[in-house]
Amino acid sequence: MRAMTVTPGKSDSARVGEVSEPPETDGSVLVTGLLTGICGTDIELVSGAFGSGRAGSDHLVIGHESLGRVLDAPVGSGFAAGDLVAGVVRRPDPEPCPACARGEWDFCRNGRYTERGIKEMDGYGAEQWRVDPYFAVPVPAALGLLGVLVEPASILTKAWEQVDRVGARSWYGPEQVLVTGAGPIGLLAALIASQRGYGVHVLDRIEDGPKPELVRALGGTYLTDLRELDVVPDVVIEATGVGQLVFDCAELLPPAGVICLAGIHPGPASVDVRLDALVRQLVVRNAALVGTVNAGKRHYADAVDVLLAADRTWLERLVTRTVPLSDWPSALVREPDDIKVVVDLQG
Ligand code: BGC
């Protein structure tokens, strides 16, 4: 069968590969792959910057943002032929560490976790894949192909949970939220902020294309310069990973403000910052910077709820390009109005 393959550690190795049928050890639920989303992690995998294949394999099937239709599932698995399904990315480490042992693989302590399509496990970018029912997320038929957004949305439901938990150190009632970066992660962060009734402000370098209108459709303001921000943000969701911007946002935080770092930048970049002054400011304001990666099972379920509650037309506008599997490497080449590019695994 055909799959999206790369050779880990080797740049420009993205291929339409021929691979064997998914092994039963991947799980008892057999799935027809429908769509997989492309994100910055895939671009880094293809650059050879990181990623690793299954033991003994010289290639890796990538694709961790998944949507498929169940072909076959055992009775009692909770799934039946025809159901839409998305797969969880991470698997607990084999030890397991205390966090993985209680299902918090997104907080794995020893780094020996594995990830579908990223680290030591083949991903979901194939005509067929298998998944263990425990790591399969039911996608309501009402979401249809928008179910491909469940994994990226899970990154944000986890991020918002982190913000809430840090916020709950003291009285917590955020009103204004700044999101930096209007890619899929930033826009989904803004969607959740608007669903919660917060004032939404999104910063991005891009001045035209679909992004400004998508932010305005959420009732938010779209900024291309941080100096245009006319409120004090109680929460910042930082989705660019650009060091200078993180420092600039940290300076804006009010007492007990929270910045959640949800993105990384390929870098390396160096910035001159008045670090002592910044430390003083964070300390005297009880401000917090918290990083977040990956998602646990409940965050996927929360992501489904967020997407179901969203305006369908708005979500459809996030998916700006669909590329057939036969030409999937072209999904890696950025086009000006791209937000989320997806690969049609039957195309
Ligand atoms: C994925 C996460 C994963 C991370 C690091 C992200 O793109 O969404 O699930 O943990 O990459 O590998």
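One-based numbering, in listed order, for ligands and for the atoms of each. Residues take their numbers from the sequence shown, with the count starting at 1.
For Trp129 and Tyr124, the ring centers sit closer than 6.0 Å to each other.
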Under 3.5 Å, N/O to N/O: give me all the pairs between ligand 1 and the protein, one per line with atom names and distance.
unit_1: ligand 1; atom_1: 7 (O); unit_2: Thr41; atom_2: OG1; d: 2.5
unit_1: ligand 1; atom_1: 7 (O); unit_2: His64; atom_2: NE2; d: 3.3
unit_1: ligand 1; atom_1: 8 (O); unit_2: Glu151; atom_2: OE2; d: 2.8
unit_1: ligand 1; atom_1: 9 (O); unit_2: Glu151; atom_2: OE2; d: 3.2
unit_1: ligand 1; atom_1: 9 (O); unit_2: Asn294; atom_2: ND2; d: 2.9
unit_1: ligand 1; atom_1: 10 (O); unit_2: Glu115; atom_2: OE2; d: 2.6
unit_1: ligand 1; atom_1: 10 (O); unit_2: Asn294; atom_2: ND2; d: 3.0
unit_1: ligand 1; atom_1: 11 (O); unit_2: Thr41; atom_2: OG1; d: 3.2
unit_1: ligand 1; atom_1: 12 (O); unit_2: Glu115; atom_2: OE1; d: 2.6

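In this structure, Asp83 contributes its side chain and Val70 its backbone to no donor-acceptor pair below 3.5 Å. Looking only at distances, a side-chain donor or acceptor of Lys297 sits under 3.5 Å from a matching main-chain atom of Tyr134. Using modelled atom types, no side-chain atom of Arg2 and backbone atom of Glu18 make a donor-acceptor pair closer than 3.5 Å.
Geometrically, Lys211 does not engage Tyr222 in a cation-pi contact defined by less than 6.0 Å to the ring centre and at most 45° from the axis.
Defined by atom type and a distance below 3.5 Å, a donor-acceptor pair is present between the side-chain atoms of Glu238 and Thr180.
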